[in-house]
Amino acid sequence: MSDRAHDEAPSPGAAPGTDPKAALRAAHAARAGSAAFRAASVCHSIEQRDAGDAGNAVVADAAERNASWQAAHAARVAVQALAVLSESAPDPAADSRCARNAAAAAAQAAQLGRAHDGDSEPAVAACRAALAASQAASTAAGRDALGADEALNAAADRAEAAAVAAAERAGWVRPDRRLPEMSTGLRSPELMSMLHF
């Protein structure tokens with residue numbers, strides 16, 4: 001089969017008449033959106049707990065303040081990756097990299113959430129699940145798959161779902177919680193290019 005014919009062949013999971021790139025875009029976007037929500041939820045959880053302990057000397061500690069800032073940064077990076085994905089033309093390789101970057105940022109946020117929660121058992125489990133989701137997303141976006149391997153994408157979807165469930169058990173994610181809108185901040189062309197790779 002020629003390279004052109006291979007590129008135009010529909011993916012095994014695509015319905016007849018469906019643009020394969022559009023179908024893959026939807027899947028990668030859903031996973032990136034979920035990861036961004038996880039990251040923002042951890043950030044919000046840390047901020048809310050610190051606000052509740054505003055009079056506690058522990059919160060005044062520089063490490064605690066730094067954890068809150070780092071969590072906000074991780075959430076912003078995840079949202080930026082999602083924004084890059086939504087603003088570009090469908091491209092399985094680029095879309096999967098955006099989903100990978102969002103998952104990586106969510107894993108960073110989970111590590112901060114675990115430390116902030118004092119390494120509680122649910123927090124440790126949620127952090128492990130987040131790291132597994134990040135690894136699965138990275139594998140799906142790897143140069144051998146380029147975001148188009150059905151089995152690897154499915155594995156990444158399952159890992160993301162497991163990360164969400166674990167984050168809910170840790171109290172970071174609440175399906176009924178409405179999160180404040182997260183700004184993507186200043187996005188330079190260089191940053192946008194980095195988020196694609």
Side-chain angles (χ1 to χ4, degrees), residues 3-4 6-11 13-15 17-44 47 69-110 112 130-131 133-150 152-161 163-164 167 172-173 175 177-197:
D3 290 340
R4 179 178 175 82
H6 180 273
D7 290 341
E8 293 179 350
S11 64
T18 300
D19 179 1
K21 288 185 178 180
L24 288 168
R25 154 64 62 92
H28 292 310
R31 188 160 11 96
S34 177
F37 181 73
R38 282 194 291 116
S41 294
V42 174
C43 174
H44 184 68
E47 290 176 345
W69 181 88
Q70 287 182 314
H73 176 70
R76 188 171 295 110
V77 170
V79 171
Q80 286 173 339
L82 180 61
V84 170
L85 188 156
S86 66
E87 293 168 1
S88 59
D91 179 334
D95 293 347
S96 65
R97 288 192 293 268
C98 287
R100 173 202 64 192
N101 293 341
Q108 181 184 14
L112 294 164
L131 291 170
S134 177
Q135 181 59 54
S138 179
T139 300
R143 63 181 180 180
D144 292 332
L146 297 176
D149 185 289
E150 185 178 21
L152 293 179
N153 288 340
D157 290 343
R158 289 192 298 271
E160 176 60 33
V164 171
W172 299 340
V173 169
R177 175 191 287 166
R178 183 175 180 83
L179 296 175
E181 185 174 346
M182 176 71 67
S183 169
T184 58
L186 181 63
R187 294 186 290 152
S188 67
E190 291 77 12
L191 174 61
M192 295 300 96
S193 177
M194 287 173 60
L195 287 170
H196 262 109
F197 293 93

For a quick test of reading the model, state the closest non-hydrogen atom pair linking [X] to [Y] and the distance between them.
X: Leu82; Y: Ala29; result: CD1-O, 3.9 Å
X: Gln70; Y: Leu112; result: OE1-CD2, 3.3 Å
X: Trp172; Y: Ser41; result: O-CB, 3.3 Å
X: Ala133; Y: Ala163; result: CB-CB, 3.9 Å
X: Ala159; Y: Ala136; result: CB-CB, 3.8 Å
X: Ser96; Y: Ala93; result: OG-O, 2.8 Å

Would you please name every residue forming a side chain to side chain contact (heavy atoms under 4.5 Å, CB included) with [X], sequence neighbours left out?
X: Ala140; answer: Leu152, Asn153, Ala156
X: Ala155; answer: Arg158
X: Ala27; answer: none
X: Ala105; answer: Val77, Ala78

### Query
Given the rule in the side-chain contact (heavy atoms from CB on, under 4.5 Å) test, do Arg25 and Ser88 qualify, once you have shown the distances and angles that lead to the verdict?
CA-CA 10 Å; Arg25 154 64 62 92; Ser88 59; 3.4 Å; yes
### Message
When you measure from the side chain of Thr139 to the backbone of Gln135, do you find a donor-acceptor pair of N or O atoms at a distance under 3.5 Å?
### Response
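Answer holds: yes.
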### Message
With rounding to the nearest 0.5 angstrom, report the CG to CG distance, Leu85 to Asn101.
### Response
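Those atoms lie 10.5 Å apart.
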### Query
Residues in side-chain hydrogen bond (donor to acceptor under 3.5 Å, both in side chains) with Asp157, at least two apart?
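Once residues adjacent in sequence are excluded, the partners of Asp157 under the side-chain hydrogen bond (donor to acceptor under 3.5 Å, both in side chains) criterion are Arg31.
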### Task
Would you mind reporting whether Pro90 and Asp19 have side-chain heavy atoms less than 4.5 Å apart?
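Side chain of Asp19 against side chain of Pro90, heavy atoms only: no contact under 4.5 Å found.
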### Task
Could you note down all residue pairs passing ring-ring contact (aromatic ring centres under 6.0 Å, His included) where residues 71-96 supplies at least one of them, sequence neighbours left out?
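Qualifying pairs: Trp69-His73.
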